[in-house]
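Report on one structure; see the data block that follows.
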Amino acid sequence: MTTEDKPMHMIVNCETHEVTYVPFTDEEIAQKEADYQAELAQKQQALVEAEAKEQNKTSAIAKLTALGLTEEEAATIVL
Amino acid sequence: MPLVSLIEKKSVSGVNSVTFSSIPATYRDLRVIIYYATNTVGNFNGTVRCQFNGSTSNIYNNELWNAENANLLTQASIIGSNNFMLGSGGPSASNNSSNRNPIDFYISEYRNTTLRRNGLSNNWGGGVLDSGSASSGNPYNYAYTGALEQESQTALSSITLFLSGTDNFIGTTMHLYGIG
């Protein structure tokens, strides 16, 4: 990645209103990529956990209704 | 209390982070309003983040509630602890002036050295139609609200906003106000 291709910091001085642009270092880019991949993995994990929770809830309500509860009654037990 | 405009800037191509430095120690509170766009065409998978005084060593406590699907995003799940997460999702088109998403971030008592830094943030879809949402289909119009605290009593003199990943903020407008 050339300097021209690198993401930049835009620094705005609130006293002088001067704006400067500083390219990210290679280390900053590597850290950013690693942080982003970790974030995507965590997002995926959160989606999987939410889906599993929803499936467990549906299953629990089905089992409770099989025991004679109405769906409304079962839903008050299963949070 | 008067609301005083300190800075209004538009980001150019290639900018991934924006820092407001040398914030005057003149006001009581600060308010940051940005209308963000990115260079990504299609669904933006990253998030908009923030750090105070460039610190990565302080702990940032932060939770966001998403009204679209009633999900709570926590530090432990997604946000992490060395920055604030201000927003996620959209905009769904690149550098489109009619397709930018707002973030409104209020920071209280930014100069107070006996209290920790804290604030409230809001981020919403701005009416953007986004077909990339798996959770709610199309149209997708999310709304986040969040509470934030940095475990630091250092007076705030700089605020950095950045995108996770290496996308850039092209076409994003940023405003900083002093209050009181």
Side-chain angles (χ1 to χ4, degrees), chain A residues 1-62 71-72 74-79, chain B residues 5-27 30 39 45-47 49 54 56 69-80 82-83 85 88-89 134-135 157-170 172 174-178:
Chain A
M1 189 179 282
T2 66
T3 302
E4 290 75 29
D5 298 330
K6 287 181 178 176
M8 289 185 294
H9 299 283
M10 174 179 171
I11 301 164
V12 183
N13 186 309
C14 295
E15 287 180 350
T16 64
H17 289 207
E18 183 187 8
V19 179
T20 54
Y21 297 93
V22 179
F24 277 62
T25 64
D26 291 339
E27 291 74 21
E28 286 176 320
I29 293 169
Q31 185 62 54
K32 212 165 210 336
E33 291 286 5
D35 290 347
Y36 185 51
Q37 291 308 317
E39 179 186 325
L40 291 181
Q42 282 174 318
K43 267 187 184 175
Q44 187 57 38
Q45 180 65 23
L47 279 175
V48 168
E49 286 173 6
E51 205 168 285
K53 189 176 175 185
E54 196 57 36
Q55 283 174 355
N56 285 339
K57 188 176 170 181
T58 304
S59 170
I61 289 174
E71 282 200 19
E72 288 75 18
T76 62
I77 298 170
V78 180
L79 298 176
Chain B
S5 175
L6 303 179
I7 284 287
E8 181 179 330
K9 292 290 177 190
K10 188 170 186 177
S11 173
V12 297
S13 177
V15 170
N16 178 276
S17 89
V18 176
T19 298
F20 295 119
S21 68
S22 303
I23 296 170
T26 314
Y27 306 95
L30 295 173
N39 58 313
N45 287 314
T47 48
R49 304 279 177 151
T56 56
N69 53 16
N71 274 351
L72 181 67
L73 303 185
T74 65
Q75 273 177 266
S77 66
I78 290 175
I79 295 170
N82 72 355
N83 57 61
M85 179 173 148
S88 177
S135 61
S157 61
S158 81
I159 299 169
T160 300
L161 304 162
F162 61 99
L163 292 170
S164 63
T166 53
D167 282 343
N168 71 68
F169 266 135
I170 183 169
T172 297
M174 306 174 183
H175 312 257
L176 177 65
Y177 298 94

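Not measured: the values here are computed from a predicted model. Each chain gets a letter, A, B and so on, in the order its sequence line appears, and its residues count up from 1.
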A:Q31/A:E27 under side-chain hydrogen bond (donor to acceptor under 3.5 Å, both in side chains): CA gap, chis, key distance, verdict = CA-CA 6 Å; A:Q31 185 62 54; A:E27 291 74 21; over 6 Å; no
Any chance the side chains of A:E49 and A:Q45 put a donor and an acceptor closer than 3.5 Å?
->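 Yes.
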With distance as the sole criterion, is a donor-acceptor pair present between the side chains of A:E15 and B:S22 under 3.5 Å?
->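 No.
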Side chain from CB out, backbone as N, CA, C, O: work out which of these in A:D35 comes under 4.5 Å of a heavy atom of chain B, or both, or neither.
->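 Contact with chain B: none, neither part.
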What part of A:V19 gets closer than 4.5 Å to chain B, counting heavy atoms only: side chain, backbone, both or neither?
-> side chain
In terms of heavy-atom proximity below 4.5 Å to chain A, should B:T160 be classed as side chain, backbone, both, or neither?
-> neither
When the 4.5 angstrom heavy-atom criterion is applied to B:F162 and chain A, the contacting part is side chain
To the nearest 0.5 angstrom, please state how far the OG atom of A:S59 sits from the CD atom of A:E54.
-> 12.0 Å
Where the side chain of A:N13 meets the backbone of A:E18, is there a donor-acceptor pair that is under 3.5 Å apart?
->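 Not confirmed, A:N13 side chain does not pair with A:E18 backbone.
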Pick whichever of A:H9, A:H17, A:K32 has the most heavy-atom pairs under 4.5 Å with chain B.
->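 Among the listed options, the one with the most contacts to chain B is A:K32.
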Pairs of heavy atoms under 4.5 Å with chain A: top-ranked of B:V18, B:N16, B:L176, B:L6 | B:N16
